[in-house]
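First comes the structure, then the notes that go with it.
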Amino acid sequence: MHDVISPVTEEVVATVPSLTEEETDAAIERAHAAFATWRAVAPGDRARLLRRFAAVVDAHNEELAQLEVRNAGHTIGNARWEAGNVRDVLNFYAGAPERLSGRQIPVAGGLDVTFYEPLGVVGVIVPWNFPMPIAGWGFAPALAAGNTVVLKPAELTPLTAIRLGELALEAGLPEGVFTVLPGKGSVVGQRFVTHPLVRKVCFTGSTEVGKRIMAGCAEQVKRVTLELGGKSANIVFADADLAKAAASAPGSVFDNAGQDCCARSRLLVQASVYDEFMGLLEESVKAFRCEDPALDSAQMGPLISAGQRDTVRSFVSDDAIAFRGTAPDGPGYWMAPTVLTARSTQDRHWREEIFGPVLSVLRFDDEDEVIRLANDTEYGLSGSIWTRDLGRGIRVARGVESGNLSVNSHSSVRYWTPFGGVKQSGLGRELGPDALTAFSEVKNVFFSTEV
């Protein structure tokens with residue numbers, strides 16, 4: 001058994017099972033047995049079951065949100081959005097089974113057609129920073145494509161995933177089609193990698209662990225999708241709407257206490273407006289509300305654990321602090337939003353993923369320099385560009401090496417558009433209209449018409 005600790009109160013909120021390798025194997029085998037039936041469900045019927053699952057999730061939105069506040073310390077506003085995102089992703093991919101069309105390819109002497117066939121059992125490994133939506137991004141398209149899913153939530157935040165597994169059964173999904181398996185990554189997650197009946201692994205987490213998963217999957221030539229770390233740039237040009245860029249910058253990096261792979265944790269400001277922008281940014285940071293996440297007014301809650309807080313604090317030195325916001329005292333893993341001035345691109349807080357409420361700031365002179373600075377990282381997941389010049393926005397967006405960018409916005413993820421990273425931020429794409437192809441094999445069949 002494993003105690004789940006609230007990052008808000010530091011108290012035990014639940015005790016959940018931590019499955020053994022034998023229990024994990026048995027669940028994978030049940031999922032494999034269920035696959036034969038699930039793949040044969042008519043596309044329209046599979047779509048109806050997914051829509052029913054979405055409706056049940058929607059009916060339990062507030063319950064799921066309140067559970068996430070206690071389990072992960074998310075603000076109540078974010079948690080309601082996250083539960084709603086699971087609903088929306090299920091509804092979006094409920095439309096996919098009846099549209100998963102192959103092709104007819106012109107050939108001599110007959111008819112050639114392609115089919116999308118499901119893979120089998122898909123293993124989804126979910127991190128602790130966004131337990132609900134990242135789970136849905138994996139299991140919804142996988143189920144829609146006709147696969148069965150085994151899902152391992154993070155040890156720190158398993159409660160909403162376990163509840164989603166219960167709601168799937170309540171919605172009518174057959175036993176074994178979607179199974180949540182709480183436990184250690186070294187046991188349950190590793191078995192997803194090594195078990196031959198698991199045909200694909202979707203992993204979201206650190207680059208270091210992602211590399212090990214990829215290497216393990218290579219032993220069986222097993223498919224893998226990886227969404228890994230990030231050190232995204234927020235680029236502010238002199239011609240930007242500085243007030244809007246400064247007002248939105250704290251949310252782009254301090255949301256979820258900075259525990260977001262897409263966090264814009266490197267802020268690049270054009271030199272000619274640097275001082276003006278930093279004045280505006282200080283006002284925004286000091287107004288950013290880090291408080292009890294159960295309050296509707298909260299913009300940021302605590303870090304997930306004492307260990308994570310210690311790690312984040314190790315990046316902060318007094319001589320680098322430009323200014324700080326505020327955070328509560330007392331129980332909970334609190335840390336105030338913090339802005340650091342980078343003296344060099346070799347500063348540790350500039351180069352490494354911190355995964356906490358820390359923003360590093362550096363000035364630049366022109367387009368060429370800022371593209372070079374933005375690309376001077378092993379990561380490439382997300383980022384933002386602030387400018388009123390459309391041509392510049394296009395040029396810089398094409399020049400920055402990142403899987404997802406936004407201009408005059410900090411949006412990273414929409415379930416109807418592709419999401420994923422380049423370089424060491426990941427491999428493959430999630431979400432969007434083509435997600436089901438990542439959970440399918442293309443089968444080619446030729447029919448001879450020759451007499």
**Side chain Glu23, main chain Thr20, donor-acceptor under 3.5 Å** = yes
**Asked** Taking the six-membered ring for Trp, are the ring centroids of Trp137 and Tyr93 within less than 6.0 Å of each other?
**Response** no
**Asked** Quick check: does any side chain N or O of Asp260 sit under 3.5 Å from a backbone N or O of Cys262, one acting as donor and the other as acceptor?
**Response** yes
**Request:** May I ask you to test the Arg223-Val201 pair for a side-chain heavy-atom distance under 4.5 Å?
**Result:** no
**Message:** Test your reading of the model: is there a side-chain donor-acceptor pair from Ser232 to the backbone of Ser382, 3.5 Å cut-off?
**Reply:** yes
**Under 3.5 Å: donor-acceptor pair, side chain of Trp38, backbone of Ala34** = no
**Message:** Could you check whether Arg351 pairs with Glu378 (Lys NZ or Arg NE/NH1/NH2 to Asp/Glu carboxylate O, under 4.0 Å)?
**Reply:** no
**Backbone of Phe439 reached by a side-chain donor or acceptor of Asn147 within 3.5 Å** = yes
**Item:** Note, Leu50 side chain near Leu143 side chain (heavy atom, < 4.5 Å)
**Value:** yes
**Item:** Side chains of Asn234 and Ser252 in contact at under 4.5 Å (non-hydrogen atoms)
**Value:** yes
**Prompt:** Does the distance from a Lys or Arg side-chain N to an Asp or Glu carboxylate O, for Glu352 and Lys231, drop under 4.0 Å?
**Reply:** no
**Request:** Examine the side chains of Ser440 and Glu117 and answer whether a donor and an acceptor come within less than 3.5 Å of each other.
**Result:** no
**Ring-face cation contact, Phe315 with Arg348, 6.0 Å cut, 45° max** = yes
**Message:** Show, in sequence, the C-alpha distance, side-chain angles and deciding distance for Thr417 and Arg414, and conclude whether the side chain to side chain donor-acceptor pair (under 3.5 Å) test is met.
**Reply:** CA-CA 6 Å; Thr417 60; Arg414 293 179 177 84; 5.3 Å; no
**Prompt:** So, does Arg199 use its side chain to make a donor-acceptor pair with the main chain of Pro196 at under 3.5 Å?
**Reply:** yes
**Message:** Between Arg163 and Thr160, do the side chains contain a donor N or O and an acceptor N or O under 3.5 Å apart?
**Reply:** no
**Message:** Are His74 and Trp81 an aromatic pair, judged by ring center distance below 6.0 Å?
**Reply:** no
**Asked** Is a donor on one side and an acceptor on the other found under 3.5 Å between the side chain of Glu68 and the backbone of Gly73?
**Response** no
**Request:** Report yes if the side chains of Ile371 and Leu373 come closer than 4.5 Å at any heavy-atom pair, otherwise no.
**Result:** no
**Request:** Would you check if there is a donor-acceptor pair between the side chains of Ser412 and Arg264 at a distance under 3.5 Å?
**Result:** yes
**Heavy-atom pair of closest approach, residues Ser425 and Leu381** = OG-N, 3.5 Å
**Prompt:** With no hydrogens and no angle check, do the side chains of Asp255 and Asn78 hold a donor and an acceptor under 3.5 Å apart?
**Reply:** yes
**Request:** Would you please say whether a donor-acceptor pair under 3.5 Å links the side chains of Gln190 and Lys184?
**Result:** no
**Prompt:** Is there a side-chain contact between Leu167 and Phe53, using heavy atoms and a 4.5 Å cut-off?
**Reply:** yes
**Prompt:** Does the Ser248 side chain pair with the main chain of Ala245, one donor and one acceptor, at a distance under 3.5 Å?
**Reply:** yes
**Item:** Criterion side chain to side chain contact (heavy atoms under 4.5 Å, CB included) on Val316 and Arg324, from CA distance to verdict
**Value:** CA-CA 11 Å; Val316 178; Arg324 273 182 155 150; 3.7 Å; yes
**Residue Glu175 excluded, over 12 heavy atoms near CD under 6.0 Å** = no
**Item:** His2 versus Ser18, side-chain donor and acceptor atoms under 3.5 Å
**Value:** no
**Asked** Salt bridge check: are Arg80 and Glu62 linked by an N-O gap of less than 4.0 Å?
**Response** yes
**Under 3.5 Å donor-acceptor, Thr311 side chain and Gly307 backbone** = yes
**Item:** Residues Ile304, Thr157; criterion side chain to side chain contact (heavy atoms under 4.5 Å, CB included); working and verdict
**Value:** CA-CA 9 Å; Ile304 189 64; Thr157 56; 3.7 Å; yes
**Message:** Assess whether a salt bridge exists between Arg429 and Asp434, defined as any Lys/Arg side-chain N lying under 4.0 Å from an Asp/Glu carboxylate O.
**Reply:** no
**Request:** Considering non-hydrogen atoms only, spot the tightest contact between Val16 and Pro158 and give its length.
**Result:** CG2-CG, 4.0 Å
**Prompt:** Does NZ or CZ of Arg266 lie under 6.0 Å from the centre of the six-membered ring of Trp350, at an angle within 45° of the ring axis?
**Reply:** yes
**Item:** Test item: Val358 and Pro337 side chains (from C-beta on) under 4.5 Å apart, heavy atoms
**Value:** no
**Asked** Looking at Tyr116, does the NZ or CZ of Lys443 lie under 6.0 angstrom from its six-membered ring centre and within 45 degrees of the ring axis?
**Response** no
**Asked** Should Glu227 and Cys261 count as side-chain neighbours, where that means a heavy-atom distance under 4.5 Å?
**Response** yes
**Asked** Between Asn71 and Val4, does a side chain to side chain contact (heavy atoms under 4.5 Å, CB included) hold up when you go through it step by step?
**Response** CA-CA 7 Å; Asn71 187 182; Val4 179; 3.2 Å; yes
**Prompt:** Between Lys423 and Tyr379, is a side chain to side chain contact (heavy atoms under 4.5 Å, CB included) present by the stated rule, with each step listed?
**Reply:** CA-CA 6 Å; Lys423 298 192 284 189; Tyr379 298 112; over 6 Å; no
**Request:** Verify the distance criterion only: is there a donor paired with an acceptor across the side chains of Lys286 and Thr326 at less than 3.5 Å?
**Result:** no
**Request:** Indicate whether any N or O donor in one side chain lies under 3.5 Å from an N or O acceptor in the other, for Asp329 and Trp334.
**Result:** no
**Prompt:** Between Thr15 and Asp3, do the side chains contain an N or O donor and an N or O acceptor separated by less than 3.5 Å?
**Reply:** yes
**Asked** Charged N to carboxylate O under 4.0 angstrom, Glu98 versus Arg48?
**Response** no
**Asked** Which class fits the ring pair Phe355 and Trp128: parallel under 30°, tilted 30 to 60°, perpendicular over 60°?
**Response** perpendicular
**Request:** Return yes when atom NE2 of His195 has more than 12 non-hydrogen atoms of other residues, nucleotides or ligands closer than 6.0 Å, and no otherwise.
**Result:** yes
**Asked** Quick one: are Leu164 and Met132 in side-chain contact, heavy atoms under 4.5 Å?
**Response** yes
**Message:** Looking at Val57, is its backbone amide N or carbonyl O close enough to the side chain of Arg87 to form a donor-acceptor pair, meaning the two atoms are under 3.5 Å apart?
**Reply:** no
